Amino acid sequence: MASKDADPSLGYLTRKDTEVKLPRPTRVKNKTPAPIQITAEQILREARERQEAEIRPPKQKITDPTELADYRLRKRKEFEDLIRRVRWNQSVWIKYAQWEESQKDFNRARSVWERALEVDYRNHTLWLKYAEVEMKNKFINHARNVWDRAVTLLPRVDQLWYKYIHMEEMLGNVAGARQIFERWMSWMPDQQGWLSYIKFELRYNEVERARAIYERFVQCHPKVGAWIRYAKFEMKNGEIVRARNVYERAVEKLADEEDAEQLFVAFAEFEERCKETERARCIYKFALDHIPKGSAEDLYRKFVAFEKQYGDKEGIEDAIVGKRRFQYEDEVRKNPLNYDAWFDYIRLEESVGSKGRIREVYERAIANVPPAEEKRYWQRYIYLWINYALYEELDAGDMERTRDVYRECLKLIPHEKFSFAKIWLLAAQFEIRQLNLMGARQILGNAIGKAPKDKIFKKYIEIELQLGNIDRCRKLYEKYLEWAPENCYAWSKYAELERSLAETERARAIFELAITQPALDMPELLWKVFTL
């Protein structure tokens, strides 16, 4: 039976023989807490107390030159073996050189540093530590040599230049430090390098030299921050005329830059400190005219605060209008098809009364044509054109521009899909007010030809009737009925016209013709009028 269950893969043992038999878990009978509780802290403390002391090598006392030579030989051999294994590891080289320095064998230490630099001369840490060792042990010329080689090989590492200059300055060699600065400036470093040079000159009260460095600085870094620093330097030295000149030159060069707002604010604040409020106001207004509205938020805020402090009532109102203008600009920039925002913006400009600005905003608004040729999208938009035309006629008094506005508007509307009777009628009424009857007739004729509507026919007939042109009225009624033969209102009005002219036969004929139409929208109205 056992041989039957044996498995060849298990060495002919049964599955039962190979099962791991774990001891049965001991069952805890008494689960009450022990009288003395042991904390985790106590366990750790006991473990530390019972820990064996660390085995340290015995201290070696060297009392003999031969022993010292042996010790040095052994240590050098260890370092050399280590270097052969990990030649690229800079920390090994540094430890080796520092050990040689501790043995006061400076020639050997220099040799190690030089060997390390042959491996990786681009590592500026090696140069720094090498030079610091020479400085610490007062080998000044050696340190100069190291710094000189370092800045020649790695001119873009600013730390090397700073340390070199600091050493020369500590030694009182101001001319030498200045010469190093000049070498550094020929590499056109970042702003901090130039500012360090300026601070160096100011420490020795060399204001003219600092001014000359500032001139080179703003040529090397023509940024807003650099020009503002230069102007503040002149202001600090009491040179108000020079400071103003710096700001003016900066505005000439950087007026179109992205961060020009910062420059204008600084310039205006400078003039404010100099009690030149009119100059400051002119700067703010110039800036607001030239900087894009989206990036002038801080400028507007400063201008409003300035006007509240120094301006009269009119100036404060102008500043507030400018702030509201900025808000509307922001709205229409986010959504150019928000016509309500355009209406509010136009209303604001009209309250100010600047013709140029009003026209500019109108032109920008009407340039945002609805994207789809559906009437519901055009219903708000068309009022921009209407308001523009009414402004030109009533407020600006420019009749030619009004005519052009109506003409362009009618040209823009896709009349084959939809049209607006209101715009045709406004254009015609404008021509009548200008005593241009032929022009009005031409506009209404085009309206009937391109986009006939009830309103247009009624208004055109009303105009001709007031002028007493009965034949024209008859022709218009005929056109009207050709376009809408089912329109009972048109039939009844045509008949009424003939009856008012005592043309009873013509009126009867019109009614008879009307009742023969296959479809009528309100036949009861027609019959009621016919039977009277």
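Note that the coordinates shown come from a computational prediction; the quantities given were computed from them, not determined experimentally.
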Task: Minimum heavy-atom distance between Met185 and Gly193, given as atom pair plus value - done: CE-O, 3.7 Å
- [ ] Would you mind reporting whether Val157 and Val151 have side-chain heavy atoms less than 4.5 Å apart?
- [x] no
Task: Contact check, side chains of Phe233 and Leu202, non-hydrogen atoms, under 4.5 Å - done: yes
Open item on the list: Assess whether a salt bridge exists between Arg203 and Glu169, defined as any Lys/Arg side-chain N lying under 4.0 Å from an Asp/Glu carboxylate O.
Closed with: yes
Task: Check ion pair Glu257-Lys223 (N to O, under 4.0 angstrom) - done: no
Task: Parallel, tilted or perpendicular: ring planes of Phe79 versus Trp99, cut at 30 and 60 degrees - done: tilted
Open item on the list: How long is the straight-line distance from CD of Glu276 back to CD1 of Ile240, given to the nearest 0.5 Å?
Closed with: 9.0 Å
Open item on the list: For a 4.5 angstrom cut-off between non-hydrogen side-chain atoms, does Leu153 reach Trp127?
Closed with: yes
Open item on the list: Under the salt bridge (Lys or Arg N to Asp or Glu O under 4.0 Å) definition, can you give me all pairs with a residue in residues 224-237, not counting sequence neighbours?
Closed with: Arg211-Glu234
Open item on the list: Just verifying a value: how many Å separate Trp147 CH2 and His142 NE2, rounded to the nearest 0.5 Å?
Closed with: 15.5 Å
- [ ] Could you grab the distance from atom CG of Asn173 to atom CZ of Arg178, nearest 0.5 Å is fine?
- [x] 10.5 Å
TODO: Would you check if Phe343 and Arg380 make a side-chain contact, meaning some heavy-atom pair closer than 4.5 Å?
DONE: yes
TODO: Walk me through it: do Gln262 and Val265 pass the test side-chain contact (heavy atoms from CB on, under 4.5 Å)?
DONE: CA-CA 5 Å; Gln262 188 184 348; Val265 168; 5.9 Å; no
TODO: I would like to know whether Arg216 and Glu182 meet salt bridge (charged side-chain N to carboxylate O under 4.0 Å, His left out); could you show each step before the answer?
DONE: CA-CA 11 Å; Arg216 290 161 61 195; Glu182 285 297 333; 3.2 Å; yes
TODO: Answer with yes or no after comparing the ring centroid distance for Trp378 and Tyr381 against a 6.0 Å cut-off, counting only values under it.
DONE: yes
- [ ] For side-chain hydrogen bond (donor to acceptor under 3.5 Å, both in side chains), just list the numbers for Glu331 and Tyr345, CA-CA rounded to whole Å, side-chain angles, deciding distance to a tenth of an Å, and then say yes or no.
- [x] CA-CA 10 Å; Glu331 282 184 37; Tyr345 192 3; over 6 Å; no
Open item on the list: Under the side chain to side chain contact (heavy atoms under 4.5 Å, CB included) test against Arg108, which residue among Arg72, Glu101, Arg76 passes?
Closed with: Arg76
Open item on the list: Treating Ser111 as the side-chain partner and Asn107 as the backbone partner, does any N or O pair qualify as donor plus acceptor under 3.5 Å?
Closed with: no
Task: Worked verdict on Arg249 versus Glu252 for salt bridge (charged side-chain N to carboxylate O under 4.0 Å, His left out) - done: CA-CA 5 Å; Arg249 284 163 58 201; Glu252 282 176 19; over 6 Å; no
Open item on the list: Is there a side-chain contact between Phe200 and Phe181 in this structure, where contact means two heavy atoms from C-beta onward sitting under 4.5 Å apart?
Closed with: yes
Task: Basic-acidic side-chain contact under 4.0 Å: Arg347, Asp344 - done: yes
TODO: Give the ring-plane orientation class for Phe270 versus Tyr247, where under 30° counts as parallel, over 60° as perpendicular and anything between as tilted.
DONE: tilted
Task: Pair Arg45 + Glu41, salt bridge at N-O below 4.0 Å - done: yes
Open item on the list: Looking at Gln179, I'd like to know if its CD atom is crowded, meaning that more than 12 non-hydrogen atoms belonging to other residues, nucleotides or ligands lie closer than 6.0 Å.
Closed with: no
Open item on the list: Looking at Arg281 and Glu278, is any side-chain nitrogen of the basic one under 4.0 Å from a carboxylate oxygen of the acidic one?
Closed with: yes
Task: Any Pro371 side-chain heavy atom under 4.5 Å of Leu337 side chain - done: yes
TODO: Please determine if Arg144 and Glu168 form a salt bridge, counting it only when a charged side-chain N lies under 4.0 Å from a carboxylate O.
DONE: yes
- [ ] Could you tell me how the ring of Trp184 sits relative to the ring of Trp161: parallel (under 30°), tilted (30 to 60°) or perpendicular (over 60°)?
- [x] parallel
Task: Heavy-atom pair with the smallest gap, counting every atom of Ala365 and Ile346 - done: CB-CD1, 4.4 Å
- [ ] Tell me whether the centres of the aromatic rings in Phe106 and Phe139 are closer together than 6.0 Å.
- [x] yes
Open item on the list: Between Glu78 and Lys95, does any side-chain N to carboxylate O distance fall below 4.0 Å?
Closed with: no
- [ ] Please state whether the rings of Trp385 and Tyr388 are parallel, tilted or perpendicular, taking 30° and 60° as the class boundaries.
- [x] tilted
Task: OH (Tyr383) with more than 12 external heavy atoms under 6.0 Å - done: no
Task: Flag for Gln192-Tyr197: side-chain donor and acceptor within less than 3.5 Å - done: no
- [ ] Would you please test Glu271 and Thr277 for side-chain contact (heavy atoms from CB on, under 4.5 Å) and show each step?
- [x] CA-CA 7 Å; Glu271 294 292 1; Thr277 51; over 6 Å; no
- [ ] Specify the closest pair of heavy atoms between Ala280 and Glu272, including all atoms of both residues, with the distance to one decimal.
- [x] CB-N, 4.3 Å
TODO: Decide side-chain contact (heavy atoms from CB on, under 4.5 Å) for Cys409 and Ile366; before the verdict, give the C-alpha distance in whole Å, the side-chain angles of both, and the deciding distance to 0.1 Å.
DONE: CA-CA 9 Å; Cys409 178; Ile366 61 178; over 6 Å; no
Task: Heavy-atom pair with the smallest gap, counting every atom of Ala260 and Ala255 - done: CB-O, 3.6 Å
Task: Heavy-atom side-chain contact between Gln37 and Pro33 under 4.5 Å - done: yes
Task: Contact check, side chains of Arg110 and Val133, non-hydrogen atoms, under 4.5 Å - done: no
TODO: Could you tell me which non-hydrogen atom of Gln90 sits nearest to which non-hydrogen atom of Val119, and how far apart they are?
DONE: NE2-CG1, 4.5 Å
Task: Rounded distance [0.5 Å steps], CG in Leu128 versus CE in Met135 - done: 10.0 Å
Task: Whether Asn123 side chain and Thr125 backbone form a donor-acceptor pair below 3.5 Å - done: yes
- [ ] Taking all heavy atoms of Ile140 and all of Leu171, pick out the closest pair and write down the distance.
- [x] CG2-CD1, 3.6 Å
Open item on the list: Please report the interatomic distance NZ(Lys104) to CG(Asn137), rounded to the nearest 0.5 Å.
Closed with: 6.0 Å
Open item on the list: With a 3.5 Å distance limit and no angle check, can you tell me whether His221 reaches the backbone of Trp194 through a side-chain donor-acceptor pair?
Closed with: no
Open item on the list: As an exercise, state the distance from CG of Leu73 to NZ of Lys77, rounded to the nearest 0.5 Å.
Closed with: 8.5 Å
- [ ] Could you tell me whether Arg183 and Asp148 have a side-chain N and a carboxylate O separated by less than 4.0 Å?
- [x] yes
Open item on the list: Can you confirm whether Arg87 is buried at CZ, in the sense that more than 12 heavy atoms of other residues, nucleotides or ligands lie under 6.0 Å from that atom?
Closed with: no
Task: Among Lys75, Arg115, Arg85, the one residue meeting salt bridge (Lys or Arg N to Asp or Glu O under 4.0 Å) with Glu80 - done: Arg115
TODO: Examine distances only and state if a side-chain atom of Trp93 and a backbone atom of Ile83 form a donor-acceptor pair shorter than 3.5 Å.
DONE: no
Task: Flag, side chain of Tyr339 to backbone of Asn368, donor-acceptor distance under 3.5 Å - done: yes
- [ ] Decide side-chain contact (heavy atoms from CB on, under 4.5 Å) for Tyr214 and Glu201; before the verdict, give the C-alpha distance in whole Å, the side-chain angles of both, and the deciding distance to 0.1 Å.
- [x] CA-CA 11 Å; Tyr214 262 121; Glu201 293 294 2; over 6 Å; no
